[in-house]
Amino acid sequence: MTTERIESLFLTTHTWGQAAKFFQSLGFSLEFETDHHSGQFRSRGDGPYLFIAEVPASEPPAVQAVLKVPDEAAFEAAAGVELLTPFEDTHWGSRDATVRDPDGRIWRLQAPARTGK
């Protein structure tokens with residue numbers, strides 16, 4: 001099993017509007033905004049995108065790299081990877097799982113949504 005690339009960076013913020021303006025001032029374009037204080041940004045081309053979501057003040061702002069997995073079934077059979085959460089449907093149309101690396105960092109994996117549901 002291999003990953004294809006870094007798909008995105010997932011950032012959380014306490015101030016959606018200020019974060020959106022900050023990344024737009026750095027040259028990112030807003031591709032879409034949700035009705036719950038989040039949105040997707042891209043700088044140029046087909047590189048990784050940024051997804052920024054507002055969280056409550058009780059949660060610290062964080063950043064997480066999301067790795068693209070082309071084949072969820074092949075990944076689940078991979079040896080030597082600690083799977084923390086299995087692939088589950090997301091409300092944005094993909095299937096996500098989390099794994100832990102040998103140093104304890106948590107990584108999000110994103111696979112295409114299943115077809116034929």
Side-chain angles (χ1 to χ4, degrees):
M1 188 292 302
T2 61
T3 59
E4 290 184 340
R5 66 179 184 199
I6 295 175
E7 178 74 356
S8 66
L9 292 177
F10 181 80
L11 292 91
T12 57
T13 181
H14 295 146
T15 56
W16 158 250
Q18 291 176 0
K21 287 177 185 173
F22 173 79
F23 284 100
Q24 287 171 318
S25 71
L26 293 177
F28 286 85
S29 297
L30 179 63
E31 288 188 326
F32 66 85
E33 182 175 351
T34 72
D35 61 355
H36 52 273
H37 304 267
S38 64
Q40 182 170 303
F41 297 80
R42 197 173 298 269
S43 62
R44 285 182 273 168
D46 192 33
Y49 60 86
L50 295 177
F51 192 89
I52 304 172
E54 189 171 284
V55 295
S58 60
E59 294 181 33
V63 63
Q64 185 176 45
V66 180
L67 304 175
K68 184 176 183 180
V69 176
D71 183 0
E72 169 188 335
F75 172 78
E76 288 180 350
V81 176
E82 182 184 359
L83 184 65
L84 297 177
T85 59
F87 282 93
E88 297 176 331
D89 292 329
T90 66
H91 67 275
W92 55 86
S94 66
R95 293 190 42 86
D96 284 12
T98 56
V99 296
R100 184 186 338 260
D101 73 18
D103 294 309
R105 289 179 291 262
I106 307 301
W107 294 83
R108 182 181 296 192
L109 305 178
Q110 190 170 84
R114 290 183 178 161
T115 57
K117 284 183 146 185

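In this structure, W107 and R100 have side chains that are not in contact, with every pair of non-hydrogen atoms separated by 4.5 Å or more. Side-chain atoms of H14 and P61, non-hydrogen and from C-beta on, do get closer than 4.5 Å to each other. Using a 4.5 Å heavy-atom threshold, the side chains of F23 and L50 count as touching. Using a 4.5 Å heavy-atom threshold, the side chains of E7 and L67 count as separate. Looking at W16 and I52, their side chains come closer than 4.5 Å, going by heavy atoms from C-beta outward.
Linking Ile, Leu, Val, Met, Phe, Trp and Tyr residues whenever their side-chain heavy atoms come within less than 4.5 Å places V81 and L83 in a single cluster. Placement of L11 and L30 within a single hydrophobic cluster is found when ILVMFWY residues are connected by side-chain heavy-atom separations under 4.5 Å, directly or transitively. Neither F41 nor V66 shares a network with the other; the hydrophobic side chains, linked directly or stepwise wherever heavy atoms of I, L, V, M, F, W or Y lie under 4.5 Å apart, form separate groups for each. Follow the hydrophobic side-chain contacts under 4.5 Å out from L9 and you reach L26 in the same cluster.
Interatomic distance, Q40 CD to F32 CZ, rounded to the nearest 0.5 Å: 4.0 Å. Between the CG atom of L109 and the OG1 atom of T98 there is a distance of 8.0 Å, given to the nearest 0.5 Å. For the atom pair K21 NZ and T15 OG1, the distance stands at 10.5 Å (nearest 0.5 Å). Taking CG from L84 and CZ from R108, the interatomic distance works out to 12.5 Å, rounded to the nearest 0.5 Å. Interatomic distance, Y49 OH to S8 OG, rounded to the nearest 0.5 Å: 4.0 Å. Between Q110 atom CD and E72 atom CD the span is 11.5 Å, to the nearest 0.5 Å.
Remark: side-chain polar atoms of T34 are paired, donor with acceptor, to backbone N or O of H36 under 3.5 angstrom. Using a distance-only test at 3.5 Å, with no hydrogens or angles considered, no donor-acceptor pair links the side chain of S94 to the main chain of P112. Of the possible donor and acceptor atoms, none in the side chain of D103 sits under 3.5 Å from a partner among the backbone N and O of R105. When atom types are taken as modelled, the side chain of R95 and the backbone of F87 share a donor-acceptor pair closer than 3.5 angstrom. With T13 contributing its side chain and E54 its backbone, the two residues share no donor-acceptor pair below 3.5 Å.
Around CD1 of I6, the count of heavy atoms belonging to other residues, nucleotides or ligands within 6.0 Å does not exceed 12. In the displayed structure, E59 atom CD is contacted under 6.0 Å by more than 12 heavy atoms of other residues, nucleotides or ligands.
Taking all atoms of both residues into account, the shortest heavy-atom contact from S38 to A53 is CB-CA, 3.6 Å.
Geometric assessment of R42 against the ring of F28 yields a negative cation-pi assignment under the 6.0 Å and 45° thresholds.
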Intermediate values then yes/no, side-chain contact (heavy atoms from CB on, under 4.5 Å), K68 and T3: CA-CA 6 Å; K68 184 176 183 180; T3 59; over 6 Å; no
